[in-house]
2 protein chains.
Amino acid sequence: MVITVRGDIELVARAGHLFEGVTREFVCAARDLSTWAQPQAREAVRRRMAWSPGGVGVRKLLSPAALAGEESRRHLRLLAARGVQVRIASRPLPYETIVIDRSYAIMAGDPAAGVREYTVTDEPALVGGVWSLFDGVWEAAVELEAYLGTDRPHLDDAERAVLRTLSLGRTDEAAARTLGVSLRTYRRRVAALMAALEAETRFQAGKRAGELGLTS
Amino acid sequence: MVITVRGDIELVARAGHLFEGVTREFVCAARDLSTWAQPQAREAVRRRMAWSPGGVGVRKLLSPAALAGEESRRHLRLLAARGVQVRIASRPLPYETIVIDRSYAIMAGDPAAGVREYTVTDEPALVGGVWSLFDGVWEAAVELEAYLGTDRPHLDDAERAVLRTLSLGRTDEAAARTLGVSLRTYRRRVAALMAALEAETRFQAGKRAGELGLTS
DNA sequence: AAGGCGATGGCAGCTTCCTGCCATATACTC
DNA sequence: GAGTATATGGCAGGAAGCTGCCATCGCCTT
């Protein structure tokens, strides 16, 4: 069974009961928090949320863009406090996706289009496949608190350059030469980088950089 | 449009033309290489593959289980040599998935069932969503060569212990003391760990450890 | 012009790290 | 027992890394 609806209101009308019928699991991937802008939709979601403490696993997967505003962060933290698992994926997820109880999948159409289309299905292969892919992305994504906590130390150009030479395994002397600065300055910058990464040793700095995926 | 077929043969009969009509992109996620066991299916895939050099981007995403046998590895390397991008996801992907030209999605049903069911669709929202999720997993997955190369360096207890002390930022002397070995031995083990991580400096070792998620 | 400020470079001394060499110990094989 | 392999510890010398101090330079403000 596959149905396609246009817009939030029609979605709620046709598939709203699915939201309220969640018994075990509700997973949701989205680029940001702007979906469900319609009051009716939000209301339906809220009604569902009220049940969540009762054993329904709710997982919300978002892209970093969802953390843009301070308000968004507060909202997400609130959700997390209510038991919703929130993770941040490294890439945007333009097509919003919902899987309910591993039985129904709801996917939003191209966001570039005007009125948003939603496709709802209960085909086992589709639902299973989508859920499985979701789970893969979920596994690779990082916990909200961890993401906010690390606070992604913003490195300036000099620090990035230092990071690169360190990653190459050069000696300080060679690195300083390639960067065109003195040994003293280079080491000062290494010290600055380590401070930025809250590391006391170069090993710790490297580990931190690796964990944060600072490749450059 | 959504159709469901039972078994490889019927899939090829009903959707085989999709494989041969690839023009831009062919992506595929699977747990292992056992799919397409049927000769007809393999043949269809092979015909498709013959075109791939002509600009079709082929991405194959597998779980580590696909690397079980030496034969599998050879096969994958062969594919890679032919221009197929092969990556290994960290988790198994029980539901096999194919997306062709971002226009058609084919998803296999529960592998536990007897005859395998396949669902084929061209619903934009479904295809787009599946593709997007695939891309997310893909991004988090690791290149075949990198995976085989690094081969998840298996660290013994001694190396794990060293890793822990290094992560704590202790000096070698303190670390050696807490581990109850001499300074010389401790440093030998650090050198061994660095060799295992293919690192030339402690920074690189830390980075590698961070990237590999070696927390302990 | 004068002064403050921040980044740089040189120097020096210190700590830490790295490794080759040798001696010892333990275990395993023949 | 003799021989071999492997892990350990000590020592020493060298390489690399760290940082305090001071002088210099460019830039900005007053």
Side-chain angles (χ1 to χ4, degrees), chain A residues 149-216, chain B residues 70 145-146 148-216:
Chain A
T150 60
D151 221 357
R152 178 71 43 156
H154 96 291
L155 308 178
D156 58 27
D157 290 348
E159 287 166 334
R160 288 190 178 281
V162 170
L163 191 57
R164 216 171 306 127
T165 60
L166 283 174
S167 299
L168 290 174
R170 304 278 173 79
T171 66
D172 287 9
E173 194 157 359
R177 239 180 299 122
T178 60
L179 293 186
V181 298
S182 77
L183 187 61
R184 184 69 188 87
T185 297
Y186 176 74
R187 287 187 172 149
R188 238 194 288 261
R189 291 187 182 169
V190 172
L193 175 65
M194 297 206 310
L197 295 176
E198 296 173 48
E200 288 174 354
T201 65
R202 292 196 178 194
F203 180 90
Q204 286 183 311
K207 187 157 178 242
R208 210 84 182 75
E211 288 168 350
L212 295 173
L214 302 175
T215 54
S216 70
Chain B
E70 188 51 45
E145 279 310 319
L148 291 177
T150 62
D151 221 356
R152 176 61 51 149
H154 93 291
L155 307 179
D156 57 27
D157 290 348
E159 286 166 334
R160 287 189 178 282
V162 171
L163 192 57
R164 217 171 306 126
T165 60
L166 282 175
S167 299
L168 290 174
R170 303 279 173 77
T171 66
D172 288 8
E173 195 155 0
R177 238 180 300 121
T178 60
L179 293 185
V181 298
S182 76
L183 187 61
R184 184 71 188 85
T185 297
Y186 176 75
R187 288 189 172 148
R188 238 194 288 262
R189 291 188 182 169
V190 172
L193 176 65
M194 296 207 306
L197 296 176
E198 296 173 46
E200 288 173 354
T201 64
R202 292 196 179 194
F203 180 90
Q204 286 182 311
K207 188 156 179 248
R208 270 317 267 115
E211 288 169 350
L212 294 173
L214 302 174
T215 52
S216 70

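All chains are named by letter (A, B, ...) in the order of the sequence lines, taking the proteins before the strands, and each is independently numbered beginning at 1.
At whole-Å resolution of the value, CZ in A/Arg177 and P in C/dT8 are 19 Å apart. Separating the CG atom of B/Leu193 from the P atom of C/dT19 is a distance of 13 Å, rounded to the nearest angstrom. Residue B/Glu173 contributes atom CD, which lies 9 Å from atom P of C/dC17 at whole-angstrom precision. When rounded to the nearest whole Å, the span between CZ of A/Phe203 and P of C/dC18 equals 11 Å. Separating the CZ atom of A/Arg189 from the C1' atom of C/dA7 is a distance of 9 Å, rounded to the nearest angstrom. One interatomic measurement links the two molecules: OH of B/Tyr186 to P of D/dG10, which rounds to 17 Å at whole-angstrom precision. Regarding A/Leu166, its CG atom lies at a distance of 14 Å from the C1' atom of D/dC18, rounded to whole Å. Remark: P of D/dG17 and CZ of A/Arg188 are 17 Å apart, rounded to the nearest angstrom.
In terms of phosphate contacts, B/Arg202 brings no side-chain nitrogen or oxygen within less than 4.0 Å of OP1 or OP2 of D/dA16. Between A/Ser182 and C/dG9 there is a side-chain polar atom (N or O) within less than 4.0 angstrom of OP1 or OP2. In terms of phosphate contacts, A/Arg184 brings no side-chain nitrogen or oxygen within less than 4.0 Å of OP1 or OP2 of C/dA12. For C/dG9, the OP1/OP2 oxygens have a side-chain nitrogen or oxygen of A/Thr185 closer than 4.0 Å.
Looking at which nucleotide of DNA chain C each of B/Arg170 and A/Gly180 is closest to, the 5′-most match is held by A/Gly180. Heavy-atom nearest nucleotides on DNA chain D were determined for A/Thr171 and for A/Ala191, and the one closer to the 5' end corresponds to A/Thr171. Each of B/Leu183 and A/Glu200 has a nearest nucleotide on DNA chain D; the 5'-most of these lies closest to B/Leu183.
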>> Could you walk me through whether B/Leu166 and B/Arg202 satisfy the side chain to side chain contact (heavy atoms under 4.5 Å, CB included) test, starting with their C-alpha distance in whole Å, then the side-chain angles of each, then the deciding distance to 0.1 Å, before giving a yes or no?
In response: CA-CA 9 Å; B/Leu166 282 175; B/Arg202 292 196 179 194; 3.7 Å; yes

> Could you walk me through whether A/Arg188 and A/Val181 pass the side chain to side chain contact (heavy atoms under 4.5 Å, CB included) check?
Replying inline: CA-CA 11 Å; A/Arg188 238 194 288 261; A/Val181 298; over 6 Å; no

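Each of D/dC18, C/dC17, D/dG20 was ranked by its minimum atom distance to the side chain of A/Met194; first place goes to D/dC18. For B/Val181, counting side-chain heavy atoms from C-beta on, the closest listed nucleotide (D/dG9, D/dT8, D/dG17) is D/dG9.
For the pair A/Ala205 and A/Leu197, the tightest heavy-atom approach, listed with the atom from each and the gap, is O-CD1, 3.6 Å.
The OG1 atom of B/Thr178 sits 7.5 Å away from atom OH of B/Tyr186, with the distance rounded to the nearest 0.5 Å.
In this structure the side chain of A/Arg189 never reaches within 4.5 angstrom of the side chain of A/Leu193, judged on heavy atoms.
You won't find any donor-acceptor pair under 3.5 Å spanning the side chain of A/Arg187 and the base of C/dG9, going by distance alone.
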